[in-house]
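The structure appears right after this line, and notes come after that.
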Amino acid sequence: MNEDTKVNISWVPQDPIDASSPENISATVSSQIPVPELIVNPWDIILCTSGTLISCENAIVVLIIFHNPSLRAPMFLLIGSLALADLLAGVGLIVNFIFAYLLQSEAAKLVTVGLIAASFCASVCSLLAITVDRYLSLYYALTYNSERTVTFTYVMLVLLWGASTCVGLLPIMGWNCLKDESTCSVIRPLTKNNAAALSVSFLLMFALMLQLYIQICKIVMRHAHQIALQHHFLATSHYVTTRKGVSTLAIILGTFAACWMPFTLYSLIADYTYPSIYTYATLLPATYNSVINPVIYAFRNQEIQKALWLICCGCIPASVSQRARSPSDV
(Lines give C-alpha, C1' and ligand atoms only; values in the text may rest on other atoms or scores of the structure.)
Protein backbone atom coordinates (compact mmCIF):
# COMPACT_ATOMS: atom_id res chain seq x y z
CA MET A 1 0.00 0.00 0.00
CA ASN A 2 1.53 3.28 -1.03
CA GLU A 3 1.80 6.32 1.19
CA ASP A 4 -0.89 8.35 -0.64
CA THR A 5 -3.43 5.66 0.07
CA LYS A 6 -2.58 5.73 3.75
CA VAL A 7 -2.98 9.49 3.91
CA ASN A 8 -6.35 9.68 2.17
CA ILE A 9 -7.88 6.51 3.52
CA SER A 10 -9.85 8.25 6.28
CA TRP A 11 -12.21 11.23 6.23
CA VAL A 12 -10.09 12.87 8.95
CA PRO A 13 -6.88 14.38 7.48
CA GLN A 14 -3.91 12.37 8.69
CA ASP A 15 -0.78 13.84 10.22
CA PRO A 16 2.04 14.61 7.77
CA ILE A 17 5.06 12.27 7.91
CA ASP A 18 8.55 13.60 8.49
CA ALA A 19 10.69 11.67 6.04
CA SER A 20 13.97 12.90 7.57
CA SER A 21 13.79 10.70 10.68
CA PRO A 22 15.30 7.19 10.53
CA GLU A 23 12.00 5.59 11.55
CA ASN A 24 10.09 7.26 8.74
CA ILE A 25 12.84 6.46 6.23
CA SER A 26 12.54 2.80 7.07
CA ALA A 27 8.74 3.08 6.98
CA THR A 28 8.95 4.67 3.52
CA VAL A 29 11.19 1.90 2.27
CA SER A 30 8.99 -0.79 3.73
CA SER A 31 5.90 0.84 2.25
CA GLN A 32 7.28 0.21 -1.21
CA ILE A 33 7.00 -3.52 -0.53
CA PRO A 34 3.48 -4.85 -1.19
CA VAL A 35 1.79 -5.68 2.12
CA PRO A 36 -1.42 -7.71 2.04
CA GLU A 37 -2.73 -6.41 5.39
CA LEU A 38 -4.77 -3.22 5.58
CA ILE A 39 -3.72 -0.97 8.45
CA VAL A 40 -6.83 0.20 10.29
CA ASN A 41 -6.83 3.37 12.37
CA PRO A 42 -7.98 2.51 15.94
CA TRP A 43 -9.92 5.76 16.11
CA ASP A 44 -11.93 4.71 13.07
CA ILE A 45 -12.74 1.42 14.80
CA ILE A 46 -14.00 3.34 17.83
CA LEU A 47 -16.15 5.59 15.62
CA CYS A 48 -17.55 2.55 13.80
CA THR A 49 -18.35 0.90 17.13
CA SER A 50 -20.10 4.06 18.27
CA GLY A 51 -22.05 4.10 15.02
CA THR A 52 -23.20 0.52 15.61
CA LEU A 53 -24.39 1.34 19.14
CA ILE A 54 -26.11 4.51 17.91
CA SER A 55 -27.89 2.62 15.12
CA CYS A 56 -29.15 -0.20 17.35
CA GLU A 57 -30.34 2.10 20.12
CA ASN A 58 -32.17 4.60 17.92
CA ALA A 59 -33.62 1.90 15.66
CA ILE A 60 -35.56 0.66 18.70
CA VAL A 61 -37.03 4.12 19.26
CA VAL A 62 -37.94 4.55 15.59
CA LEU A 63 -39.65 1.14 15.46
CA ILE A 64 -41.60 1.80 18.66
CA ILE A 65 -42.92 5.15 17.43
CA PHE A 66 -43.58 3.90 13.89
CA HIS A 67 -45.51 0.77 14.91
CA ASN A 68 -47.51 2.34 17.76
CA PRO A 69 -50.47 4.38 16.43
CA SER A 70 -50.99 6.06 19.79
CA LEU A 71 -47.60 7.78 19.55
CA ARG A 72 -48.58 10.39 16.99
CA ALA A 73 -48.64 13.50 19.15
CA PRO A 74 -46.29 16.37 18.18
CA MET A 75 -43.90 15.45 20.98
CA PHE A 76 -43.50 11.89 19.68
CA LEU A 77 -43.10 13.08 16.09
CA LEU A 78 -40.16 15.23 17.18
CA ILE A 79 -38.66 12.43 19.27
CA GLY A 80 -39.01 10.17 16.23
CA SER A 81 -37.28 12.79 14.09
CA LEU A 82 -34.40 12.93 16.58
CA ALA A 83 -34.11 9.13 16.67
CA LEU A 84 -34.21 8.90 12.87
CA ALA A 85 -31.49 11.54 12.52
CA ASP A 86 -29.27 9.76 15.05
CA LEU A 87 -29.97 6.43 13.35
CA LEU A 88 -28.81 7.82 10.02
CA ALA A 89 -25.74 9.30 11.72
CA GLY A 90 -24.86 5.89 13.12
CA VAL A 91 -25.37 4.25 9.74
CA GLY A 92 -23.20 6.96 8.19
CA LEU A 93 -20.35 6.21 10.59
CA ILE A 94 -20.55 2.50 9.75
CA VAL A 95 -20.76 3.09 6.01
CA ASN A 96 -17.87 5.54 6.16
CA PHE A 97 -15.69 2.91 7.83
CA ILE A 98 -16.61 0.33 5.19
CA PHE A 99 -16.04 2.68 2.28
CA ALA A 100 -12.80 4.05 3.72
CA TYR A 101 -11.16 0.64 3.93
CA LEU A 102 -12.96 -1.39 1.25
CA LEU A 103 -14.18 1.07 -1.37
CA GLN A 104 -11.65 3.88 -1.52
CA SER A 105 -13.08 6.50 -3.86
CA GLU A 106 -13.64 10.23 -3.71
CA ALA A 107 -17.30 9.85 -4.68
CA ALA A 108 -17.96 7.45 -1.80
CA LYS A 109 -16.19 9.84 0.58
CA LEU A 110 -18.38 12.73 -0.55
CA VAL A 111 -21.56 10.71 -0.09
CA THR A 112 -20.68 9.39 3.37
CA VAL A 113 -19.45 12.72 4.71
CA GLY A 114 -22.57 14.38 3.30
CA LEU A 115 -24.77 11.77 5.01
CA ILE A 116 -23.01 12.21 8.34
CA ALA A 117 -23.12 16.01 8.15
CA ALA A 118 -26.82 16.01 7.23
CA SER A 119 -27.69 13.50 9.96
CA PHE A 120 -25.91 15.31 12.77
CA CYS A 121 -27.37 18.61 11.54
CA ALA A 122 -30.87 17.07 11.65
CA SER A 123 -30.14 15.70 15.12
CA VAL A 124 -29.16 19.11 16.52
CA CYS A 125 -32.10 20.80 14.79
CA SER A 126 -34.46 18.15 16.19
CA LEU A 127 -33.15 18.89 19.68
CA LEU A 128 -33.92 22.55 19.11
CA ALA A 129 -37.41 21.65 17.83
CA ILE A 130 -38.04 19.52 20.93
CA THR A 131 -36.99 22.46 23.11
CA VAL A 132 -39.39 24.76 21.26
CA ASP A 133 -42.18 22.19 21.62
CA ARG A 134 -41.57 21.84 25.36
CA TYR A 135 -41.65 25.58 25.79
CA LEU A 136 -44.92 25.91 23.85
CA SER A 137 -46.52 23.02 25.75
CA LEU A 138 -45.89 24.88 29.03
CA TYR A 139 -46.43 28.47 27.92
CA TYR A 140 -49.61 27.69 25.93
CA ALA A 141 -50.80 24.80 28.08
CA LEU A 142 -54.52 25.38 27.42
CA THR A 143 -54.29 25.57 23.63
CA TYR A 144 -51.30 23.29 23.05
CA ASN A 145 -53.35 20.22 22.04
CA SER A 146 -54.83 21.72 18.89
CA GLU A 147 -54.55 21.38 15.13
CA ARG A 148 -52.40 24.50 15.03
CA THR A 149 -49.75 22.77 17.13
CA VAL A 150 -49.74 19.74 14.84
CA THR A 151 -49.39 21.95 11.78
CA PHE A 152 -46.56 23.91 13.40
CA THR A 153 -44.80 20.65 14.25
CA TYR A 154 -44.96 19.44 10.65
CA VAL A 155 -43.64 22.81 9.46
CA MET A 156 -40.69 22.51 11.84
CA LEU A 157 -39.97 18.97 10.62
CA VAL A 158 -40.06 20.00 6.96
CA LEU A 159 -37.78 22.98 7.58
CA LEU A 160 -35.21 21.13 9.69
CA TRP A 161 -34.96 18.15 7.35
CA GLY A 162 -34.88 20.41 4.30
CA ALA A 163 -32.05 22.47 5.77
CA SER A 164 -30.17 19.34 6.84
CA THR A 165 -30.52 17.81 3.39
CA CYS A 166 -29.06 20.95 1.84
CA VAL A 167 -26.12 20.76 4.24
CA GLY A 168 -25.50 17.16 3.24
CA LEU A 169 -25.66 17.97 -0.47
CA LEU A 170 -23.07 20.76 -0.29
CA PRO A 171 -20.00 18.47 -0.58
CA ILE A 172 -21.61 16.46 -3.38
CA MET A 173 -22.63 19.56 -5.35
CA GLY A 174 -19.08 20.88 -5.45
CA TRP A 175 -18.56 22.73 -2.15
CA ASN A 176 -15.62 20.59 -1.12
CA CYS A 177 -11.83 20.83 -0.88
CA LEU A 178 -10.86 17.92 -3.13
CA LYS A 179 -9.36 20.27 -5.74
CA ASP A 180 -7.65 22.55 -3.22
CA GLU A 181 -6.31 20.82 -0.12
CA SER A 182 -5.39 24.16 1.46
CA THR A 183 -9.10 24.96 1.98
CA CYS A 184 -9.85 21.72 3.85
CA SER A 185 -11.27 21.78 7.36
CA VAL A 186 -10.63 19.25 10.09
CA ILE A 187 -13.16 17.00 8.33
CA ARG A 188 -12.16 16.28 4.76
CA PRO A 189 -13.67 17.06 2.24
CA LEU A 190 -15.61 19.84 3.99
CA THR A 191 -14.08 23.25 3.40
CA LYS A 192 -12.99 25.48 6.22
CA ASN A 193 -15.75 27.97 5.40
CA ASN A 194 -18.44 25.27 5.50
CA ALA A 195 -17.20 23.96 8.82
CA ALA A 196 -17.06 27.48 10.26
CA ALA A 197 -20.61 28.23 9.08
CA LEU A 198 -21.90 25.02 10.68
CA SER A 199 -20.07 25.81 13.92
CA VAL A 200 -21.48 29.33 14.11
CA SER A 201 -24.96 27.96 13.38
CA PHE A 202 -24.57 25.47 16.20
CA LEU A 203 -23.53 28.19 18.64
CA LEU A 204 -26.56 30.25 17.68
CA MET A 205 -28.89 27.26 18.16
CA PHE A 206 -27.27 26.48 21.50
CA ALA A 207 -27.82 30.07 22.63
CA LEU A 208 -31.49 29.83 21.61
CA MET A 209 -31.87 26.50 23.43
CA LEU A 210 -30.28 28.01 26.53
CA GLN A 211 -32.69 30.93 26.49
CA LEU A 212 -35.69 28.63 26.00
CA TYR A 213 -34.63 26.31 28.82
CA ILE A 214 -34.24 29.31 31.13
CA GLN A 215 -37.83 30.27 30.33
CA ILE A 216 -38.94 26.64 30.78
CA CYS A 217 -37.23 26.59 34.17
CA LYS A 218 -39.12 29.70 35.25
CA ILE A 219 -42.45 28.22 34.13
CA VAL A 220 -41.74 24.91 35.91
CA MET A 221 -40.90 26.71 39.14
CA ARG A 222 -44.08 28.80 38.89
CA HIS A 223 -46.25 25.72 38.17
CA ALA A 224 -44.69 23.77 41.03
CA HIS A 225 -45.35 26.67 43.38
CA GLN A 226 -49.00 26.91 42.26
CA ILE A 227 -49.54 23.18 42.71
CA ALA A 228 -47.95 23.33 46.15
CA LEU A 229 -50.34 26.11 47.19
CA GLN A 230 -53.42 24.34 45.83
CA HIS A 231 -52.66 21.05 47.54
CA HIS A 232 -51.14 22.60 50.68
CA PHE A 233 -47.82 20.90 50.17
CA LEU A 234 -45.02 21.61 52.56
CA ALA A 235 -42.31 24.03 51.50
CA THR A 236 -39.80 21.18 51.45
CA SER A 237 -41.88 19.23 48.94
CA HIS A 238 -42.12 22.28 46.70
CA TYR A 239 -38.37 22.78 46.98
CA VAL A 240 -37.61 19.13 46.12
CA THR A 241 -39.92 19.15 43.09
CA THR A 242 -38.51 22.41 41.77
CA ARG A 243 -34.94 21.30 42.33
CA LYS A 244 -35.61 18.06 40.47
CA GLY A 245 -37.03 19.95 37.47
CA VAL A 246 -34.10 22.37 37.39
CA SER A 247 -31.63 19.49 37.71
CA THR A 248 -33.28 17.67 34.81
CA LEU A 249 -33.00 20.73 32.58
CA ALA A 250 -29.38 21.24 33.63
CA ILE A 251 -28.53 17.64 32.77
CA ILE A 252 -30.20 17.91 29.35
CA LEU A 253 -28.47 21.15 28.39
CA GLY A 254 -25.17 20.28 30.05
CA THR A 255 -24.94 16.93 28.27
CA PHE A 256 -25.65 18.56 24.93
CA ALA A 257 -23.00 21.24 25.48
CA ALA A 258 -20.39 18.80 26.79
CA CYS A 259 -20.79 16.56 23.75
CA TRP A 260 -20.84 19.15 20.98
CA MET A 261 -19.00 22.22 22.25
CA PRO A 262 -15.42 20.80 22.01
CA PHE A 263 -15.77 19.82 18.35
CA THR A 264 -17.62 23.03 17.49
CA LEU A 265 -14.95 25.30 18.93
CA TYR A 266 -12.16 23.15 17.49
CA SER A 267 -13.69 23.37 14.00
CA LEU A 268 -13.64 27.16 14.25
CA ILE A 269 -9.95 27.47 15.06
CA ALA A 270 -8.38 24.42 13.37
CA ASP A 271 -7.85 23.20 9.83
CA TYR A 272 -6.42 20.17 8.03
CA THR A 273 -2.86 20.95 9.19
CA TYR A 274 -3.69 20.23 12.84
CA PRO A 275 -2.90 16.75 14.25
CA SER A 276 -5.69 14.33 13.44
CA ILE A 277 -5.82 13.01 17.01
CA TYR A 278 -7.36 16.31 18.11
CA THR A 279 -10.12 15.90 15.54
CA TYR A 280 -10.88 12.36 16.69
CA ALA A 281 -10.74 13.36 20.36
CA THR A 282 -13.32 16.14 19.87
CA LEU A 283 -15.49 14.33 17.33
CA LEU A 284 -15.98 11.20 19.42
CA PRO A 285 -17.87 12.99 22.26
CA ALA A 286 -20.17 14.53 19.63
CA THR A 287 -21.15 11.04 18.49
CA TYR A 288 -21.87 10.09 22.11
CA ASN A 289 -24.64 12.67 22.11
CA SER A 290 -26.54 10.41 19.71
CA VAL A 291 -26.06 7.56 22.19
CA ILE A 292 -27.41 9.62 25.08
CA ASN A 293 -30.36 11.21 23.24
CA PRO A 294 -32.65 8.12 23.34
CA VAL A 295 -32.05 7.77 27.09
CA ILE A 296 -32.91 11.41 27.80
CA TYR A 297 -35.75 12.02 25.35
CA ALA A 298 -37.28 8.60 24.59
CA PHE A 299 -36.72 5.97 27.26
CA ARG A 300 -37.63 8.40 30.07
CA ASN A 301 -41.04 8.97 28.47
CA GLN A 302 -43.82 7.02 30.17
CA GLU A 303 -45.71 6.17 26.96
CA ILE A 304 -42.58 4.87 25.25
CA GLN A 305 -41.73 2.88 28.38
CA LYS A 306 -45.15 1.22 28.20
CA ALA A 307 -44.72 0.37 24.52
CA LEU A 308 -41.24 -1.02 25.19
CA TRP A 309 -42.49 -3.18 28.06
CA LEU A 310 -45.28 -4.52 25.85
CA ILE A 311 -42.83 -5.45 23.11
CA CYS A 312 -40.29 -7.05 25.44
CA CYS A 313 -42.49 -8.71 28.08
CA GLY A 314 -46.07 -8.46 26.84
CA CYS A 315 -47.11 -6.63 30.00
CA ILE A 316 -46.81 -3.26 31.72
CA PRO A 317 -45.50 -3.14 35.30
CA ALA A 318 -47.72 -1.34 37.79
CA SER A 319 -44.89 1.02 38.68
CA VAL A 320 -44.86 2.28 35.08
CA SER A 321 -48.61 2.39 34.39
CA GLN A 322 -49.51 4.18 37.61
CA ARG A 323 -46.70 6.72 37.75
CA ALA A 324 -48.10 10.25 37.69
CA ARG A 325 -46.46 13.05 35.79
CA SER A 326 -45.03 15.85 37.93
CA PRO A 327 -43.85 19.36 37.09
CA SER A 328 -40.28 18.09 37.22
CA ASP A 329 -40.87 15.78 34.24
CA VAL A 330 -39.75 18.19 31.54
Side-chain angles (χ1 to χ4, degrees), residues 11-13 47 51 54-55 58 62 74 77-96 99 105-133 151-181 183-209 212 256 259-261 263-268 270-272 279 282-283 286-287 289-290 293:
W11 58 324
V12 177
L47 285 176
I54 292 170
S55 301
N58 287 278
V62 172
L77 293 177
L78 296 175
I79 293 176
S81 172
L82 175 63
L84 179 60
D86 289 334
L87 172 61
L88 292 176
V91 172
L93 292 173
I94 298 172
V95 172
N96 175 78
F99 282 178
S105 69
E106 299 295 350
K109 187 180 299 183
L110 289 174
V111 172
T112 54
V113 172
L115 173 61
I116 293 173
S119 301
F120 280 129
C121 181
S123 177
V124 174
C125 290
S126 295
L127 290 175
L128 176 59
I130 290 175
T131 307
V132 173
D133 179 73
T151 303
F152 180 72
T153 301
Y154 280 113
V155 170
M156 284 197 299
L157 289 174
V158 171
L159 290 177
L160 75 87
W161 279 101
S164 302
T165 302
C166 293
V167 170
L169 289 176
L170 287 178
I172 302 175
M173 300 300 293
W175 283 273
N176 56 68
C177 63
L178 294 181
K179 296 181 179 179
D180 187 4
E181 294 287 340
T183 62
C184 283
S185 65
V186 293
I187 296 296
R188 188 176 183 273
L190 292 181
T191 64
K192 175 68 176 176
N193 291 336
N194 288 348
L198 292 176
S199 299
V200 172
S201 300
F202 169 83
L203 293 176
L204 293 175
M205 286 190 289
F206 177 76
L208 180 58
M209 289 178 62
L212 287 173
F256 177 68
C259 290
W260 275 106
M261 199 61 71
F263 181 72
T264 301
L265 298 178
Y266 181 71
S267 298
L268 281 174
D271 55 26
Y272 74 103
T279 302
T282 55
L283 179 62
T287 64
N289 186 242
S290 297
N293 282 338

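Reckoned from all heavy atoms, side chains included, excluding hydrogens, waters and symmetry mates.
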Parallel, tilted or perpendicular: ring planes of W260 versus F120, cut at 30 and 60 degrees: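 Because their plane-to-plane angle is over 60°, the rings of W260 and F120 count as perpendicular.
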Judged by atom type as modelled, is there a donor-acceptor pair below 3.5 Å linking the side chain of [X] to the main-chain atoms of [Y]?
X: S55; Y: V91; result: yes
X: D133; Y: T153; result: no
X: K192; Y: S267; result: yes
X: N293; Y: N289; result: yes
X: S185; Y: L190; result: yes
X: S126; Y: A122; result: yes

Any side-chain heavy atom of [X] within less than 4.5 Å of one from [Y]?
X: L157; Y: L78; result: yes
X: V200; Y: L268; result: yes
X: L110; Y: L178; result: yes
X: M261; Y: F202; result: yes
X: Y266; Y: T279; result: yes

Chi angles and distances behind the side-chain contact (heavy atoms from CB on, under 4.5 Å) call for F263, I187: CA-CA 11 Å; F263 181 72; I187 296 296; 3.8 Å; yes
Might you point out which heavy atoms bring [X] and [Y] nearest each other, and give the distance in Å?
X: T131; Y: M209; answer: OG1-CE, 3.6 Å
X: V132; Y: M156; answer: CG1-SD, 4.2 Å
X: T264; Y: S199; answer: O-OG, 3.3 Å
X: T183; Y: C177; answer: OG1-CB, 3.3 Å
X: C125; Y: M205; answer: SG-SD, 4.0 Å
X: S119; Y: L88; answer: OG-CB, 3.2 Å

Interatomic distance, [X] atom [atom1] to [Y] atom [atom2] [nearest 0.5 angstrom]:
X: L170; Y: N193; atom1: CG; atom2: CG; value: 11.5 Å
X: L47; Y: I94; atom1: CG; atom2: CD1; value: 11.5 Å
X: L128; Y: S123; atom1: CG; atom2: OG; value: 11.5 Å
X: I79; Y: I130; atom1: CD1; atom2: CD1; value: 5.5 Å
X: I54; Y: L93; atom1: CD1; atom2: CG; value: 5.5 Å
X: N58; Y: L87; atom1: CG; atom2: CG; value: 6.5 Å

CA sep, side-chain torsions, deciding dist, call: V124, F206, side-chain contact (heavy atoms from CB on, under 4.5 Å): CA-CA 9 Å; V124 174; F206 177 76; over 6 Å; no
Full working for side-chain contact (heavy atoms from CB on, under 4.5 Å) between L77 and Y154: CA-CA 9 Å; L77 293 177; Y154 280 113; 3.8 Å; yes
Test side-chain contact (heavy atoms from CB on, under 4.5 Å) applied to V186 and T282, step by step: CA-CA 11 Å; V186 293; T282 55; over 6 Å; no
